[in-house]
Structures are given as C-alpha cells and as structure tokens.
Amino acid sequence: MSDGSGNERIVTVSTEAGIHARPADVFIETTKRFEADVRISRTDSDDVVDADSMIAINSLGVRDGEQVRLTAEGPDAAAALDALEAVLTTPEAELGEA
C-alpha cells in the first residue's frame with residue numbers, strides 16, 4: 001500500500017519470527033543495493049529509524065503479522081521499496097535463497 005508518492009509503503013511483516021537478526025541482515029543488505037535513504041517505523045509508533053542499522057531495526061521489536069512503514073528518498077526509492085517489501089514478506093526459510 002502506498003501514499004501515492006511512491007516514497008512510502010505500509011508492509012505487513014510475514015517472516016514467521018518478525019524482524020530479528022537474520023531478516024534484519026537481509027533487509028540491510030538489500031537497502032545497500034539502492035541509491036536511496038530508507039527509514040523504517042512501526043505503524044503504531046512515532047519511532048523512525050534508519051534502515052541500515054541492525055541495532056535500530058531490532059530496537060523496533062517488530063513481530064510477524066505487524067505492520068511497518070517504509071519510506072525512501074533518492075533515485076532508486078521506488079525500486080528500494082519494492083525489494084524491501086519482498087524481504088519483509090518472504091518466509092524466513094526462503095531468505096537465504098533470495
């Protein structure tokens with residue numbers, strides 16, 4: 001779901017255990033592939049963190065089935081959001097194959 005600008009997306013996390021070390025690592029590595037400044041937050045909180053920080057992402061405590069807001073700015077913003085949504089909606093067992 002998007003706000004129409006292409007720079008924000010609400011994603012329901014479906015990685016079985018939420019966003020913990022392994023999904024966060026894949027998320028961060030994916031973020032690095034794009035020329036975009038990406039941030040992530042829980043939809044039920046005002047805390048917004050950089051998507052390239054393992055500690056910051058894990059501090060959000062996002063669990064399976066919860067929603068996050070992804071925002072991105074930069075030349076690759078839309079592509080980054082597409083790729084990051086895929087990471088957050090891929091079952092953890094398949095993350096190593098992505």
Side-chain angles (χ1 to χ4, degrees):
M1 182 179 354
S2 172
D3 69 354
S5 70
N7 292 329
E8 180 177 290
R9 189 154 316 159
I10 304 296
V11 177
T12 301
V13 175
S14 56
T15 58
E16 290 98 25
I19 304 177
H20 61 91
R22 185 169 180 212
D25 185 51
V26 174
F27 187 87
I28 291 165
E29 289 303 313
T30 302
T31 300
K32 291 178 182 178
R33 297 188 339 227
F34 298 94
E35 276 191 60
D37 180 26
V38 181
R39 297 184 183 271
I40 183 172
S41 63
R42 297 172 60 103
T43 57
D44 61 356
S45 171
D46 292 331
D47 294 335
V48 179
V49 300
D50 290 330
D52 60 359
S53 169
M54 177 73 74
I55 293 170
I57 291 172
N58 285 333
S59 75
L60 295 173
V62 178
R63 297 182 181 181
D64 183 49
E66 294 182 334
Q67 291 187 324
V68 295
R69 175 176 287 108
L70 302 175
T71 59
E73 294 182 18
D76 293 340
L81 291 177
D82 289 342
L84 294 169
E85 179 175 8
V87 169
L88 295 178
T89 59
T90 299
E92 188 174 345
E94 298 173 24
L95 282 177
E97 301 168 14

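Position 1 is the first residue of the sequence, and the numbers go up from there.
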How far apart are the closest heavy atoms of Thr31 and Ala51, and which atoms are they?
-> OG1-O, 3.7 Å

Counterpart residues, side chain to side chain contact (heavy atoms under 4.5 Å, CB included), relative to Thr12 (two or more places apart) | Gln67

Tell me, with the steps shown, if Ile10 and Thr43 meet side-chain contact (heavy atoms from CB on, under 4.5 Å).
-> CA-CA 8 Å; Ile10 304 296; Thr43 57; 3.8 Å; yes

Shortest non-hydrogen contact between Val87 and Pro23, atoms and distance = CG1-O, 4.2 Å

Residues passing the side chain to side chain contact (heavy atoms under 4.5 Å, CB included) test with Arg33, sequence neighbours excluded, are Thr30, Ala83

Taking all non-hydrogen atoms of both residues into account, name the closest pair between Ala77 and Asn7 and its distance.
-> CB-OD1, 3.5 Å

Residue that, paired with Ile57, satisfies side chain to side chain contact (heavy atoms under 4.5 Å, CB included) out of Ile19, Val68, Val62, Asp52 = Ile19

Heavy-atom closest pair, residues His20 and Ala17 | CD2-CB, 3.5 Å

Contact summary for Ser41 and Leu60, nearest pair of heavy atoms = CA-CD1, 4.3 Å

In short, salt bridge (charged side-chain N to carboxylate O under 4.0 Å, His left out) pairs touching residues 57-70 with sequence neighbours left out are Glu8-Arg69, Arg42-Glu66

Partners of Asp50 by salt bridge (charged side-chain N to carboxylate O under 4.0 Å, His left out), sequence neighbours excluded?
-> Arg39

Applying side-chain hydrogen bond (donor to acceptor under 3.5 Å, both in side chains), which residue pairs with at least one partner in residues 72-82 are found, sequence neighbours left out?
-> Arg9-Asp82

Kindly write out the residues that satisfy salt bridge (charged side-chain N to carboxylate O under 4.0 Å, His left out) with Asp46, not counting sequence neighbours, or none if the list is empty.
-> none

Residues that Asp25 engages under side chain to side chain contact (heavy atoms under 4.5 Å, CB included), provided they are two or more places apart | Glu29, Met54

Side chain to side chain contact (heavy atoms under 4.5 Å, CB included) partners of Ala80, counting only residues at least two apart | Phe34, Ala36, Val38

Heavy-atom check, side chain of Thr15 versus side chain of Phe27, under 4.5 Å | no

Criterion side-chain contact (heavy atoms from CB on, under 4.5 Å) on Leu70 and Leu88, from CA distance to verdict = CA-CA 11 Å; Leu70 302 175; Leu88 295 178; 4.2 Å; yes

